[in-house]
Amino acid sequence: MTSSKPSVSNTSTTIKCMRPHLGQKQIMNSPARFKVVACGRRWGKTALGMNLILHSALVEKKRCWWLTPTHQMSAQVWRDLKTSTKPLNGSKISETERRIDLPGGGMIAVRSAFHPDNLRGEGLDLVVLDEAAFMPPQIWTDIVRPMLVSTRGQALFLSTPNGQNWFCDLFNLGSDPLQPQWESFQFPTAANPLIHHQELQDIRRQTPDHVWQTEYMAQFVSPGGQVFRHVRDAVSTPPPKPLPGHQYVAGIDWGRDNDYTAIAVIDATTRQMVALDRFNQIGWSLQRNRLLALANHWQPHVIWAEINSIGEPNIEALIQEGLPIRGFRTTAQSKPPLIESLALALERGSLSLLDEPTLLAELTTYSQQRLPSGAFRYGAPPGAHDDTVIATALAWHAAQHSAMPLYAFA
């Protein structure tokens, strides 16, 4: 993890490896056969795994696997392993199999858990399960564990937590003093000495608690935890009409048949929701007229509207009507920051809500799914709606970005 690097040697060649920091050394020196490491992002789990797998394959002549949830996630590790072993005379690299055969009999292969049946077959001495919490539990119990029986092989589980799933169960197993073959380790991101304290402080100020606890504190947060906290505490009663000198903004989530169109209005001066309209099964012309009526009353400085599919023609029509509207394109990349910004506002009491039952119910039941990449996928539970959530998130986005030029598309 620093520019100063120790070395791993065979009889003829020296390979430079990352110098481990104190937490990594603690794990490397552990005699446990099965090591479970729950760590925050950027703590250095990949460097730890690389050091251990190179030492095992090169010095101890062991047969090793690096296992990831998906093929794409292993791409950088595969490149780094090839670069590290390239100086070795007699090493053989197979791109097709993502396998490196080392002088003396050691072997490293990079595999994906996406197709479990393709993993069966050979006995192994060491398996590094990278982002183990995002693999199905059967990968360990049905496939990897049997491959370590005849060799008395070892396993290193590396991951940020993903709720209280099977990785959490293994972590608890490694915390049990009556399980001598197992040992667990837990390190927050801050335990990496190369991470600047101010950098983490900046991230903390901009990150909802459920993300911070999981991603940076390496805590096993219950999967049933709410995305939006303190929802009921945020309720207040707004004035019925605009106040002089106040600036108002709005957000729109479009819908027609099964979904609803929702329009949320926020007083950007007081950070208080002042209006919410929700309707469906009416034509686009009538929907736009309802928005125009709401806009005439509150005179919003800017309106952010979802632009996906049906949104674009409506936005174009509303621009012709003279509304200060901007388009927001919802994608896998743009949606998490939008939702997390609203969650952080409610968590810290920065935004007041209307006492509107549909809105409060949608916020309370809104759910998250953590992906192998570490990102979160947000949405309503199956069969439920999130129209008022998205409209409110867009209005909050407008409150924070109301100084941007009009008619921009994000």
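Numbers here are sequence positions counted from 1. Just the heavy atoms: all of them, side chains too, but no hydrogens, waters or symmetry mates, feed the values below.
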Distance alone, cut at 3.5 Å: any donor-acceptor contact between the side chains of [X] and [Y]?
X: Arg98; Y: Ser74; result: yes
X: Ser341; Y: Gln400; result: yes
X: Gln206; Y: Asp202; result: no
X: Thr269; Y: Gln247; result: no
X: Thr207; Y: Glu340; result: no
X: Arg204; Y: Gln201; result: no

Report the relative orientation of the aromatic rings in [X] and [Y]; use parallel for angles under 30°, tilted for 30 to 60°, perpendicular for over 60°.
X: Phe228; Y: Tyr366; answer: tilted
X: Trp140; Y: Phe34; answer: perpendicular
X: Trp166; Y: Phe157; answer: perpendicular

Problem set entry | Pairing residues for Pro193 by the side chain to side chain contact (heavy atoms under 4.5 Å, CB included) criterion, not counting sequence neighbours |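 Side chain to side chain contact (heavy atoms under 4.5 Å, CB included) check on Pro193 returns His21.
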Ring-ring centroid check [X] [Y], cutoff 6.0 Å:
X: Phe171; Y: Phe220; result: yes
X: Phe328; Y: His397; result: yes
X: Phe114; Y: His71; result: no

For this session: Would you list the pairs meeting salt bridge (Lys or Arg N to Asp or Glu O under 4.0 Å) in which at least one residue belongs to residues 280-298, sequence neighbours left out?
Result: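 Of all non-adjacent pairs touching residues 280-298, those that pass salt bridge (Lys or Arg N to Asp or Glu O under 4.0 Å) are Asp277-Arg290.
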For this session: Kindly determine whether Val302 and Arg326 satisfy side chain to side chain contact (heavy atoms under 4.5 Å, CB included), including the steps that lead there.
Result: CA-CA 7 Å; Val302 63; Arg326 303 174 188 153; 3.2 Å; yes
Rounded to the nearest 0.5 Å, how far apart are [atom1] of [X] and [atom2] of [Y]?
X: Leu359; Y: Thr388; atom1: CG; atom2: OG1; answer: 4.5 Å
X: Leu323; Y: Leu294; atom1: CG; atom2: CG; answer: 10.0 Å
X: His246; Y: Gln272; atom1: NE2; atom2: CD; answer: 9.5 Å
X: Glu356; Y: Thr392; atom1: CD; atom2: OG1; answer: 9.0 Å
X: Asp169; Y: Phe167; atom1: CG; atom2: CZ; answer: 11.0 Å
X: Arg152; Y: Asp125; atom1: CZ; atom2: CG; answer: 12.5 Å

For this session: Decide side chain to side chain contact (heavy atoms under 4.5 Å, CB included) for Leu346 and His230; before the verdict, give the C-alpha distance in whole Å, the side-chain angles of both, and the deciding distance to 0.1 Å.
Result: CA-CA 6 Å; Leu346 296 177; His230 311 302; 5.8 Å; no
Could you check whether any side-chain N or O of [X] sits under 3.5 Å from a backbone N or O of [Y], counting only pairs where one atom can act as donor and the other as acceptor?
X: Ser159; Y: Ala133; result: yes
X: Arg111; Y: Glu97; result: yes
X: Lys335; Y: Tyr378; result: yes
X: Thr151; Y: Leu124; result: yes
X: Asn162; Y: Phe134; result: no
X: Ser94; Y: Arg99; result: no
X: Gln24; Y: Gly44; result: yes
X: Glu306; Y: Gly327; result: no
X: Glu199; Y: His196; result: no
X: Ser352; Y: Ser236; result: no

Problem set entry | Residue pair Glu131, Lys45: steps toward the salt bridge (Lys or Arg N to Asp or Glu O under 4.0 Å) verdict | CA-CA 9 Å; Glu131 294 298 359; Lys45 64 180 178 60; 3.3 Å; yes
For this session: Might you work through the side-chain hydrogen bond (donor to acceptor under 3.5 Å, both in side chains) test for Gln287 and Thr261, ending with a clear yes or no?
Result: CA-CA 8 Å; Gln287 291 198 30; Thr261 288; 2.5 Å; yes
Above 12 or not: heavy atoms from other molecules or residues under 6.0 Å from [atom1] of [X]?
X: Gln181; atom1: CD; value: yes
X: Leu286; atom1: CG; value: yes
X: Arg377; atom1: CZ; value: no

Exercise. Would you call Asn289 and Ser285 a side-chain contact if the rule is heavy atoms closer than 4.5 Å?
Worked result: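 When only atoms from C-beta onward are counted, Ser285 and Asn289 do touch, with a gap below 4.5 Å.
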For this session: Using a 4.5 Å cut-off on heavy atoms from C-beta on, say whether the side chain of Leu88 contacts that of Leu102.
Result: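 Yes. Closest side-chain heavy atoms under 4.5 Å.
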Over all heavy atoms of both residues, which pair between [X] and [Y] is shortest? Give the atoms and the distance, please.
X: Ser84; Y: Met50; result: OG-CE, 4.2 Å
X: Asp386; Y: Ala380; result: CB-CB, 3.9 Å
X: Trp43; Y: Asn192; result: O-ND2, 3.4 Å
X: Tyr248; Y: Leu243; result: OH-N, 2.8 Å
X: Ala295; Y: Pro300; result: O-CD, 3.4 Å
X: Leu394; Y: Ile252; result: CD1-O, 3.1 Å

For this session: List the steps, then state whether side chain to side chain contact (heavy atoms under 4.5 Å, CB included) holds for Ser350 with Trp396.
Result: CA-CA 10 Å; Ser350 303; Trp396 178 245; 4.3 Å; yes
Problem set entry | Steps toward salt bridge (Lys or Arg N to Asp or Glu O under 4.0 Å) verdict (Glu95, Lys82) | CA-CA 10 Å; Glu95 289 286 351; Lys82 288 190 296 182; 2.6 Å; yes
Exercise. For Asp267 and Thr270, what are the C-alpha separation, side-chain angles and deciding distance, and is it a side-chain hydrogen bond (donor to acceptor under 3.5 Å, both in side chains)?
Worked result: CA-CA 6 Å; Asp267 182 340; Thr270 61; 3.1 Å; yes
For this session: Show your reasoning for whether side chain to side chain contact (heavy atoms under 4.5 Å, CB included) applies to Gln138 and Ile143.
Result: CA-CA 7 Å; Gln138 295 79 11; Ile143 297 175; over 6 Å; no
Exercise. Going by an N to O cut-off under 4.0 Å, is there a salt bridge joining Glu183 and Lys35?
Worked result: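 Judged by the 4.0 Å cut-off on N to carboxylate O distance, Glu183 and Lys35 do not form a salt bridge.
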Exercise. In a check of side-chain contact (heavy atoms from CB on, under 4.5 Å) between Trp65 and each of Val127, Ile53, Ile108, which one passes?
Worked result: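 That would be Val127.
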